[in-house]
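One structure is given below, encoded as structure tokens.
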2 protein chains.
Amino acid sequence: MGQTAHEHGTTAVFASVEKACRERGLRLTPLRRQVLELILQAGGPVKAYDLLDSLKTSHHSAAPPTVYRALDFLLENHFIHRLETRNAYVSCFHPEASHSGQFLICEQCDQVTEINAPEMTQGVLKAAAEQGFKPSKEVVEVYGTCRKCIE
Amino acid sequence: MGQTAHEHGTTAVFASVEKACRERGLRLTPLRRQVLELILQAGGPVKAYDLLDSLKTSHHSAAPPTVYRALDFLLENHFIHRLETRNAYVSCFHPEASHSGQFLICEQCDQVTEINAPEMTQGVLKAAAEQGFKPSKEVVEVYGTCRKCIE
DNA sequence: TTTAGACCGCTATATTCTAGCATTCAGAGC
DNA sequence: GCTCTGAATGCTAGAATATAGCGGTCTAAA
Ligand SMILES: [Zn+2]
Ligand SMILES: [Zn+2]
Ligand SMILES: [Zn+2]
Ligand SMILES: [Zn+2]
């Protein structure tokens, strides 16, 4: 049951993020809010410099640190994920629980789906345990062809 | 059974790569050979620009494309892997078989171990199948603490 | 109201990677 | 051997991604 934040409803995600900020005493400043909005609206992976360009239209003083600091905040608090293989950022569709993201990335249409695959996590844990390795974070990005593009 | 190319013996890896090149009609030119040597000697993840600096000492004309083209060759033919989360390159300890790499990365000592965890791959395949997604390549990089650093 | 820390504006710079074009070289066919 | 072709390399430039650092401003707590 993978889904994108877009399908999940950006308003719902937004509400969830706001709630989390209130509860954890985090400051969802206008800048951070706007960057999150832009990512949600995109409905897919967005590049930092594309965010910067968007920001600039309404925020003349925006510079790289403007965007990267907002992204850092959103990443640290697990409101978005970074796609390591693409240098891109996607919203998290269930920001309540802290987790590493697992992604299916279609090489045909570039659609990205965040999944929650416990078997995969179990496999990671088992393999790590055999090495005496204590995992703290897993990066899983699977490339291939999505259902739509197979048809 | 994780191991680094270093532990596996750089000469053995080298022999294996040379064999593969002969069989597949690939040209392991001096430049490519030297870059592979540098990666093997490093015994861990190496950055492209560190390779470039090393190359420059013996090869005055070396420039970024010099390194990146050699890396591309080694990557395409599965003689090395790229660590996506670190923009770094590591040698593959069994370059005979083509495969996506799976890595355990220690946050304390930066040691990287390539593992081969079928359960993990199975988990990926199962999760992908549920989405109707046909995987072609998986990127798995697990961060945590290695056995040595736990002690 | 003071104050410490978080946040932001701004400039500069670091880091990673690629485009493009000319030259050289290796191997295939003659 | 000679020629041709595609692969490999030399070289310059520049794109894309990310960070350092410093001073000013705002916020929330004491
Ligand atoms: Zn998520
Ligand atoms: Zn697709
Ligand atoms: Zn490998
Ligand atoms: Zn360690």
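A quick note: this is a predicted structure, and the numbers were derived from the prediction, not measured. Computation of the quantities below employed the complete heavy-atom set of this structure, encompassing side-chain atoms and omitting hydrogens, waters and symmetry-equivalent molecules. Naming convention: chains lettered A, B, ... in sequence-line order (proteins, then strands); numbering from 1 in each chain.
At a threshold of 4.0 angstrom between heavy atoms, the contacts of B:Arg32 are confined to the sugar-phosphate backbone, with no base atom among them. Among the heavy atoms of the strands lying under 4.0 Å from B:His59 are primed sugar atoms or P, OP1, OP2 only; no base atom is included.
In this structure, B:Arg86 atom CZ and C:dC17 atom P are separated by 14 Å, rounded to whole Å. As a whole-Å value, the separation of A:Leu52 CG from D:dA16 C1' is 12 Å. For the pair A:Leu51 CG and D:dT17 C1', the interatomic distance rounds to 13 Å; values are reported in whole Å. B:Arg82 places its CZ atom 13 Å from the C1' atom of C:dT18, with the value rounded to the nearest Å. Atom pair B:Arg27:CZ and C:dA26:C1' shows a separation of 5 Å (rounding to whole Å applied). Going from atom CG of A:Asp53 over to atom C1' of D:dA16 covers 12 Å, rounded to whole Å. Computed from coordinates, the B:Asp72 CG to C:dC17 C1' distance equals 10 Å when rounded to whole Å. Distance NZ (A:Lys56) to C1' (C:dG9): 14 Å, rounded to an integer number of Å.
Distance from the side chain of A:Pro65 is smallest for D:dA20 among the nucleotides D:dA20, D:dA7, D:dT12. Taking only side-chain atoms of A:Leu31, from C-beta outward, the nucleotide of D:dA18, C:dG9, C:dC17 with the closest atom is C:dG9. Among C:dC7, C:dT16, D:dT17, the nucleotide with an atom closest to any side-chain atom of B:Asn87 is C:dT16.
Each of B:Glu138, B:Lys137, B:Glu114 was evaluated against B:His99; a single residue qualifies, B:Glu114, per the side-chain hydrogen bond (donor to acceptor under 3.5 Å, both in side chains) test.
For the pair B:Tyr68 and D:dG10, the criterion of a side-chain N or O lying under 4.0 Å from OP1 or OP2 is not met. For C:dC8, the OP1/OP2 oxygens have no side-chain nitrogen or oxygen of A:Ser61 closer than 4.0 Å. Using a 4.0 Å cut-off, some side-chain N or O of A:Lys47 falls inside it from OP1 or OP2 of D:dT17. Between A:Thr66 and C:dC10 there is no side-chain polar atom (N or O) within less than 4.0 angstrom of OP1 or OP2.
Using a 3.5 Å distance cut-off with no hydrogens or angles, the side chains of A:Glu141 and A:His81 do not pair a donor with an acceptor. The closest side-chain donor-acceptor pair between B:Thr85 and B:Tyr143 falls under 3.5 angstrom.
When each of B:Thr29 and B:Ala63 is assigned the nucleotide of DNA chain D with its nearest heavy atom, B:Thr29 is the one assigned upstream, toward the 5' end. Residue whose closest nucleotide on DNA chain C sits further toward the 5' end, between A:Phe73 and A:Ala62: A:Phe73. Residue-to-nucleotide proximity on DNA chain C shows that, of A:Leu26 and A:Pro64, the 5′-proximal contact is made by A:Leu26.
Between the base of C:dA14 and the side chain of B:Tyr49 there is no donor-acceptor pair shorter than 3.5 Å. For D:dG10, its base sits under 3.5 Å from the side chain of B:Arg69 at one donor and acceptor pair at least.
Of the possible polar contacts, one joining the B:Ser54 side chain to the B:Asp50 backbone as a donor-acceptor pair under 3.5 Å is found.
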Run the side-chain donor-acceptor check on residues 58-66 of chain A: report pairs under 3.5 Å with partners two or more places apart or on a different chain.
{"unit_1": "A:Ser58", "atom_1": "OG", "unit_2": "A:Gln34", "atom_2": "NE2", "d": "2.8"}
{"unit_1": "A:Ser58", "atom_1": "OG", "unit_2": "A:Leu55", "atom_2": "O", "d": "3.4"}
{"unit_1": "A:His59", "atom_1": "NE2", "unit_2": "A:Ser61", "atom_2": "OG", "d": "3.4"}
{"unit_1": "A:Thr66", "atom_1": "OG1", "unit_2": "A:Ala63", "atom_2": "N", "d": "2.9"}
{"unit_1": "A:Thr66", "atom_1": "OG1", "unit_2": "A:Ala63", "atom_2": "O", "d": "3.0"}

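Between A:Glu18 and A:Arg33 there is a salt bridge, with a side-chain nitrogen of the basic residue lying less than 4.0 Å from a carboxylate oxygen of the acidic one.
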